[in-house]
Amino acid sequence: MSIGEFVHDETPSSEIDRLEALYRPLADAVRDLVDATIRTTVDDATIRRTQADVEALVARLRARQLDGPAGVRFNSEARAWNWGNAVVGQRNALAPPLHLVRDPGGLLHADVVLGAAYEGPPGLVHGGVAALLLDHLMGETASAGHSRVTLTGTLTMRYRRGTPLGPLRLEGRIDREDGRKVYVVATLADAEGVTVEADGVFIVPRWA
Ligand SMILES: CCCCCCCCCCCCCCCC(=O)SCCNC(=O)CCNC(=O)[C@H](O)C(C)(C)COP(=O)(O)OP(=O)(O)OC[C@H]1O[C@@H](n2cnc3c(N)ncnc32)[C@H](O)[C@@H]1OP(=O)(O)O
């Protein structure tokens with residue numbers, strides 16, 4: 001990976017806001033489609049008709065598209081946008097998406113509701129999904145408000161008990177720093193308390 005893949009792009013933040021507002025409802029609708037596909041009990045003919053409808057919608061969107069992934073772009077106002085990101089991508093229906101909130105004390109948190117698409121053991125969040133969400137929140141924590149690029153070096157998870165699907169909260173904070181290494185701790189919790197603890201080393205890469 002090189003710095004070239006983080007693209008400096010002087011699109012004004014107001015235009016990014018407009019595009020997010022345009023695409024968010026589409027991604028929400030696709031997310032709903034994913035949930036409905038898992039949970040529907042309609043008859044076979046309805047499934048086949050729906051498949052044809054969805055294929056027609058895909059063809060309409062593919063009429064004009066990027067050659068590859070959307071990448072990460074940022075402007076001089078320190079606004080970064082990554083439409084396809086697996087956790088926060090505003091155009092990615094696979095992302096919950098996580099909405100990150102930075103508290104004045106340095107804590108980064110996110111409240112999220114995970115449904116049927118994130119299931120691992122019955123009724124519980126998939127362990128890899130828990131790691132995915134925590135990894136992203138921790139990476140954002142380490143990047144200190146997008147003031148620097150950090151990549152996950154080592155990530156350790158301790159699954160204390162199953163995480164039920166439904167409303168959850170993630171919290172992360174920087175524990176300490178040592179040169180280019182940023183040590184971050186984080187938790188995933190339900191209403192009863194912490195279900196997963198994570199700690200990780202996030203590295204400001206040599207090329208950044
Ligand atoms: C301005 C722009 C704004 C835009 C702003 C957008 C921000 C938007 C935020 C998004 C947030 C995303 C959050 C998701 C985060 C991912 O998902 S990142 C994807 C997963 N991670 C990766 O792909 C990383 C792959 N690995 C690598 O690229 C390289 O191995 C690394 C980790 C960058 C390190 O390479 P390096 O810079 O050459 O490191 P190197 O000089 O060898 O070592 C530096 C120090 O780190 C230590 N170290 C190296 N590797 C490791 C390791 N794996 N574990 C622990 N320690 C290590 C070394 O021992 C060394 O320690 P000291 O000797 O200094 O004590």
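When a residue number appears, it is its place in the shown sequence, counting from 1. Both counts, for ligands and for their atoms, begin at 1 and track the order of listing.
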Is there a polar contact, in the sense of an N or O pair closer than 3.5 Å, between His136 and ligand 1?
no
Under 3.5 Å: N/O of Thr150 near N/O of ligand 1
no
Does any N or O of ligand 1 fall below 3.5 Å from an N or O anywhere on Lys181, backbone included?
yes
Atom 27 (C) of ligand 1: which of Thr141, Val88, Leu151 has the nearest heavy atom?
Leu151
Other members of the hydrophobic cluster containing Val204, with the 4.5 Å side-chain heavy-atom rule, please.
none
Option passing side-chain contact (heavy atoms from CB on, under 4.5 Å) with Thr141 (candidates Val184, Thr150, Val185)
Val184
Using the rule side-chain contact (heavy atoms from CB on, under 4.5 Å), only one of Leu170, Leu168, Val125 pairs with Leu133; which is it?
Leu170
With a 4.5 Å heavy-atom cut-off, do Asp9 and Trp81 have their side chains touching?
yes
Tell me which one of Arg160, Arg169, Arg161 satisfies salt bridge (Lys or Arg N to Asp or Glu O under 4.0 Å) with Asp190.
Arg161
Any idea which of His8, Glu140, Arg180 brings a heavy atom closest to atom 11 (C) of ligand 1?
Glu140
Got a donor-acceptor contact below 3.5 angstrom from the Asn85 side chain to the Val88 backbone?
yes
Backbone N/O of Val129 and side chain of Tyr118: donor-acceptor pair under 3.5 Å
no
Need the ligand 1 atom indices (1-based, order shown) with element for anything under 4.0 Å from a heavy-atom of Gly153.
52 (C), 53 (N), 54 (N)
Gly139 heavy atoms, cut-off 4.0 Å: which ligand 1 atoms fall inside?
11 (C), 13 (C)
Is Arg148 touching ligand 1 with its side chain, its backbone, both, or neither, if touching means heavy atoms under 4.0 Å apart?
neither
Give the atoms of ligand 1, by number and element, whose distance to some non-hydrogen atom of Arg206 is under 4.0 Å.
37 (O), 38 (O), 40 (P), 41 (O), 42 (O)
Under 3.5 Å, N or O to N or O, is Ser147 touching ligand 1 that way?
no
Nearest 0.5 Å please: distance from the CD atom of Glu55 over to the CZ atom of Arg62.
11.5 Å
Should you measure from each heavy atom of Thr154, which atoms of ligand 1 turn up under 4.0 Å away?
52 (C), 53 (N), 54 (N), 55 (C)
Under 4.0 Å between heavy atoms, the region of Ile203 that gets near ligand 1 turns out to be side chain
At less than 4.0 angstrom from any non-hydrogen atom of Thr152, what atoms of ligand 1 do you find?
15 (C), 16 (C), 17 (O), 18 (S), 21 (N), 22 (C), 24 (C)
Plane angle bin for Trp83 and Tyr23 - parallel if under 30°, tilted between 30 and 60°, otherwise perpendicular
tilted
Side chain, backbone, both or neither: the part of Met138 lying under 4.0 Å from ligand 1 by heavy atom:
neither
